[in-house]
Asker: 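Have a look at the structure that comes next, please.
In this text the structure is predicted, and so the values were computed from the model without any measurement. So you know, we letter chains A, B, ... as the sequences are listed, proteins then strands, and number each from 1.
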Number of protein chains: 2
Amino acid sequence: MNLVRQKKDHPLAGVKEIARRANVSRGTVDRVIHNRPGVSEETKRHINAIIEELDYQPNVLARRLALASRGTVRLGVLLPSVSEETEYWKAPLEGIDKAETEIKPYGVELKHYFFDQNVQATFARQVAQIMVDQPDGVLITPTFEEESIQLLGFCREKQIPAVLMNSDIPGQQRLCYIGPELFDSGYLAAQLTDYCLKPGQKVMVVNIAREIENNVAILGKVEGFLAYFREKRSEEPLVHFHTTDTDYVSVSAGLSALLAREKEIGIIFVTNSRVVLVAEWLEKTGRKDIVLIGYDFLSSNIDYLKKGYIDFLICEKPQEQGYRGVMTLFRHLVMSVPAIEDYLIPIDIVTSANYRFYRN
Amino acid sequence: MNLVRQKKDHPLAGVKEIARRANVSRGTVDRVIHNRPGVSEETKRHINAIIEELDYQPNVLARRLALASRGTVRLGVLLPSVSEETEYWKAPLEGIDKAETEIKPYGVELKHYFFDQNVQATFARQVAQIMVDQPDGVLITPTFEEESIQLLGFCREKQIPAVLMNSDIPGQQRLCYIGPELFDSGYLAAQLTDYCLKPGQKVMVVNIAREIENNVAILGKVEGFLAYFREKRSEEPLVHFHTTDTDYVSVSAGLSALLAREKEIGIIFVTNSRVVLVAEWLEKTGRKDIVLIGYDFLSSNIDYLKKGYIDFLICEKPQEQGYRGVMTLFRHLVMSVPAIEDYLIPIDIVTSANYRFYRN
DNA sequence: CTGAAAGCGCTTACAG
DNA sequence: CTGAAAGCGCTTACAG
């Protein structure tokens with residue numbers, strides 16, 4: 001196939017053309033473009049005028065390619081390890097890996113610091129390790145607040161840009177946050193709940209996590225969820241169920257006891273991906289009448305979505321969060337592109353009718 | 001800030017390294033990589049072995065940059081013109097423009113062929129013009145089936161790759177389709193409807209379009225919507241309302257008449273972005289009790305979402321559709337990257353609680 | 001069948 | 001303060 005119609009006759013103006021017109025070298029033009037010192041005011045003005053006139057747009061690809069010759073940039077990534085119990089974290093990791101492959105050719109090295117979500121000490125240990133390694137930039141999942149703040153302080157002192165992912169810590173200085181607005185995520189869940197609520201029915205709010213009181217993500221969602229009902233309804237039709245035992249046996253026992261008492265429950269909202277445990281219980285007890293709302297695009301959750309035990313999954317593109325987190329650091333450090341301070345991830349609603357088209 | 005820790009010591013293996021190991025020139029390696037003729041079987045095998053061994057990953061940026069020296073590639077884009085009435089098409093156009101800016105530096109020229117959605121003749125005229133211009137690739141919104149098939153036939157004959165966008169035409173040969181699965185889109189709307197339906201209520205299905213019987217998009221969604229109720233309910237609680245008058249006066253008159261008769265209607269489903277007209281009517285008649293479901297992330301629709309007259313908007317990332325359509329052609333023609341035959345766009349649910357985070 | 005050279009657009013030492 | 005040269009990793013004529 002002959003794609004070549006003609007040689008490019010109107011190449012977009014580049015550094016070369018600007019240099020030609022300004023009667024200077026390309027190096028000088030480059031200095032002006034990047035506001036680097038060592039150019040006389042006069043030449044600078046002249047060159048800037050030409051840049052304006054030509055509406056010069058730098059070729060991003062060429063820039064990146066040129067930068068490939070620079071030295072190594074080391075990035076650190078702090079995130080929960082993937083276990084059977086916390087399959088969720090596979091997705092951000094995939095996004096991180098994807099970004100790594102993409103930017104490896106440009107001299108970026110990435111080191112993972114994994115911790116066990118259930119053991120605060122493992123988090124602390126990895127934070128300490130990061131302080132020893134002193135990478136050039138870090139991507140942090142701030143599961144435990146205290147140590148996270150400590151790490152952020154260290155970063156500020158050492159001028160290491162830090163990106164927060166998945167949940168934010170208010171009032172802390174960081175390059176940016178990438179993740180959902182947790183309050184709105186819970187608020188949305190409440191809105192869906194309200195649409196599905198039939199007259200006289202009650203709603204059960206379920207937290208299943210080893211750590212609840214310190215879990216920023218869960219607390220934020222619950223807050224949003226409750227705010228909705230406070231706003232829209234005079235009496236809150238809510239029943240609460242918390243458990244720090246995350247195994248099926250404990251959860252099912254708790255559910256059985258509660259639902260025996262509370263007969264009017266028509267909807268169950270689970271504040272994280274452990275919704276699968278409730279779905280399992282619904283299946284075993286044969287209750288298809290209850291609407292179940294939960295979190296995250298995990299294969300086990302999708303299975304129950306298909307079977308009809310889970311009705312809505314709220315998903316926040318975990319893979320994209322990881323990908324974008326790494327890329328933000330890369331662009332900031334290597335390309336000097338400013339970061340968006342709060343990059344709020346879409347809050348998506350997934351049902352059995354649209355899950356096949358969802359993209360993490 | 002000192003980013004440069006060390007000069008790259010482990011550069012990823014590239015063409016140069018492969019050439020060195022194979023004792024050939026970089027040109028020969030390039031020929032093997034791209035399966036171009038003119039290399040002896042033996043060297044080919046040898047080079048391929050080394051490629052395997054090093055797990056060589058080509059540097060996409062460098063490749064694109066090198067290709068910038070090639071001649072011009074001309075792309076044609078056939079899509080509805082943006083008018084006040086059809087603001088929807090602004091979004092795909094934005095995506096197309098974004099792609100154009102991105103690939104312009106690589107010798108791509110893009111020509112728009114706009115037509116009036118309401119006038120089939122304008123579509124036919126632009127199809128004829130494309131046949132005269134014979135671009136190297138086309139992106140088509142196949143609003144009118146007959147002329148679209150004609151154009152696709154022409155493309156096949158002339159070996160011009162064609163990408164379909166927004167709606168598909170079954171059984172036609174094309175490079176790929178980029179858009180939603182329309183049936184599932186309607187099915188999802190029905191599912192939401194069903195969740196919101198209170199006992200005894202009926203649902204009104206509304207089509208507002210100059211052309212309904214020939215409108216592939218509307219027909220597909222309606223089919224999915226009806227299929228759901230046929231599947232899940234013994235009696236269909238549906239009332240239909242079609243109008244080819246798309247002004248507010250006609251629509252409101254029709255609605256008023258119908259709702260005076262049908263008192264049990266609790267939910268209205270509008271099959272396209274004209275849902276705004278129904279929202280306006282609900283506002284003017286002060287009916288906040290009816291749940292309204294419609295399509296597309298338009299500013300006027302979002303206004304009514306905020307005010308509470310529209311409850312759900314189904315959105316299918318129109319901007320991404322345009323962007324991806326152009327990029328698919330680009331990658332196919334310039335980078336020889338194979339296209340995905342059916343790129344099905346996510347079907348998103350937008351409410352007043354998550355619209356602020358939505359990304360087209 | 002194969003290689004040497006030039007080029008894509010930008011950046012970076014280095015020399016002056 | 002400024003320029004000439006080399007380089008990023010890949011591709012492309014052209015010459016043999």
Side-chain angles (χ1 to χ4, degrees), chain A residues 2-4 7-8 11-20 22-47 51 54 56-72 102-108 334-336, chain B residues 2-4 7-8 11-20 22-47 51 54 56-72 102-108 334-336:
Chain A
N2 177 27
L3 297 178
V4 183
K7 270 292 179 180
K8 281 172 72 175
L12 297 188
V15 170
K16 194 159 65 180
E17 174 65 8
I18 297 172
R20 199 186 60 71
N23 249 313
V24 297
S25 76
R26 298 192 263 161
T28 303
V29 173
D30 192 69
R31 284 178 200 108
V32 172
I33 289 174
H34 294 286
N35 245 313
R36 274 189 273 271
V39 186
S40 76
E41 271 308 314
E42 199 189 328
T43 16
K44 195 190 242 175
R45 249 195 305 279
H46 186 199
I47 292 175
I51 288 178
L54 294 178
Y56 167 69
Q57 302 293 348
N59 185 316
V60 187
L61 261 51
R63 184 174 284 178
R64 275 214 223 177
L65 190 59
L67 289 169
S69 54
R70 285 233 288 239
T72 306
E102 209 168 288
I103 62 183
K104 213 178 220 164
Y106 308 103
V108 176
V334 180
M335 321 281 297
S336 308
Chain B
N2 177 27
L3 297 177
V4 183
K7 271 293 184 179
K8 282 172 72 174
L12 297 187
V15 169
K16 195 159 65 182
E17 174 65 10
I18 297 171
R20 198 185 61 71
N23 250 313
V24 297
S25 75
R26 298 194 262 159
T28 301
V29 173
D30 193 70
R31 284 178 199 108
V32 172
I33 288 173
H34 294 286
N35 244 312
R36 274 190 273 271
V39 185
S40 76
E41 270 309 314
E42 198 189 329
T43 12
K44 196 190 243 173
R45 248 195 307 279
H46 186 199
I47 292 175
I51 288 179
L54 294 179
Y56 167 68
Q57 301 294 346
N59 184 317
V60 186
L61 261 51
R63 182 176 285 177
R64 275 216 223 175
L65 192 59
L67 288 169
S69 55
R70 286 236 285 241
T72 306
E102 208 167 289
I103 62 183
K104 212 178 221 163
Y106 309 102
V108 175
V334 180
M335 320 282 296
S336 309

Asker: Considering every strand and a 4.0 Å limit on heavy-atom distances, what is the contact class for B:N59: base, sugar-phosphate, or nothing?
Answerer: sugar-phosphate
Asker: Tell me whether the side-chain N/O atoms of B:R63 come closer than 4.0 Å to OP1 or OP2 in C:dC8.
Answerer: no
Asker: Is there a side-chain polar atom (N or O) of A:T43 under 4.0 Å from OP1 or OP2 of D:dC1?
Answerer: no
Asker: Ignoring the backbone of B:V39, work out which of C:dT2, C:dG9, D:dT2 is nearest its side chain.
Answerer: C:dT2
Asker: Would you mind telling me which of D:dC8, D:dT11, C:dT11 lies closest to the side-chain atoms of B:K16?
Answerer: D:dC8
Asker: Find the distance between CD1 (A:I18) and CG (A:L54) and round it off to the nearest 0.5 Å.
Answerer: 6.0 Å
Asker: OP1 or OP2 of C:dT11 versus the side-chain N and O atoms of A:R31: is any pair under 4.0 Å?
Answerer: no
Asker: Just do the salt bridge (Lys or Arg N to Asp or Glu O under 4.0 Å) check on A:E42 and A:R45 with the steps written out, would you?
Answerer: CA-CA 5 Å; A:E42 199 189 328; A:R45 249 195 305 279; over 6 Å; no
Asker: If the cut-off is 4.0 Å, is A:Y106 near the phosphate of C:dC10, judged by side-chain N/O to OP1 or OP2?
Answerer: no
Asker: Are the side chains of B:V24 and B:R31 in touch, meaning some heavy atoms are under 4.5 Å apart?
Answerer: no
Asker: Checking contacts here: which listed nucleotide (C:dT11, D:dG3, D:dC10) is nearest the side-chain heavy atoms of B:R26?
Answerer: D:dC10
Asker: Mind calculating the distance between CD (A:E41) and P (D:dT2) to the nearest angstrom?
Answerer: 11 Å
Asker: Below 4.0 angstrom from OP1 or OP2 of D:dC1, is there any side-chain N or O of A:S40?
Answerer: no
Asker: Quick one: A:I51 CD1 to C:dC10 P, roughly how many Å, whole number?
Answerer: 11 Å
Asker: Which one, D:dT12, D:dG3, C:dC10, comes nearest to the side chain of A:Y56?
Answerer: C:dC10
Asker: Between D:dT12 atom C1' and B:L65 atom CG, what is the distance in whole Å?
Answerer: 13 Å
Asker: Return the value, rounded to whole Å, for the distance between atom CD1 of A:I33 and atom C1' of C:dT12.
Answerer: 14 Å
Asker: Counting only Watson-Crick or G-U wobble pairs whose two distances fall under 3.5 Å, which nucleotide matches D:dA13?
Answerer: none
Asker: Any side-chain heavy atom of B:N35 within less than 4.5 Å of one from B:K44?
Answerer: yes
Asker: What does C:dA4 pair with, Watson-Crick or G-U, if both distances are under 3.5 Å?
Answerer: none
Asker: Want to settle it: does B:S25 or A:P58 sit nearer the 5' end of DNA chain C, counting the closest nucleotide to each?
Answerer: B:S25
Asker: Can you tell me the distance, in whole Å, between the CD1 atom of B:I47 and the C1' atom of C:dC1?
Answerer: 11 Å
Asker: Counting heavy atoms from C-beta on, name the nucleotide in C:dG3, D:dC10, D:dG7 closest to the side chain of B:V15.
Answerer: D:dC10
Asker: Do A:L65 and B:N59 come within less than 4.5 Å of each other through their side chains, counting heavy atoms only?
Answerer: yes
Asker: Rounded off to whole Å, could you give me the NE2-to-P distance for the B:H34 and D:dT12 pair?
Answerer: 7 Å
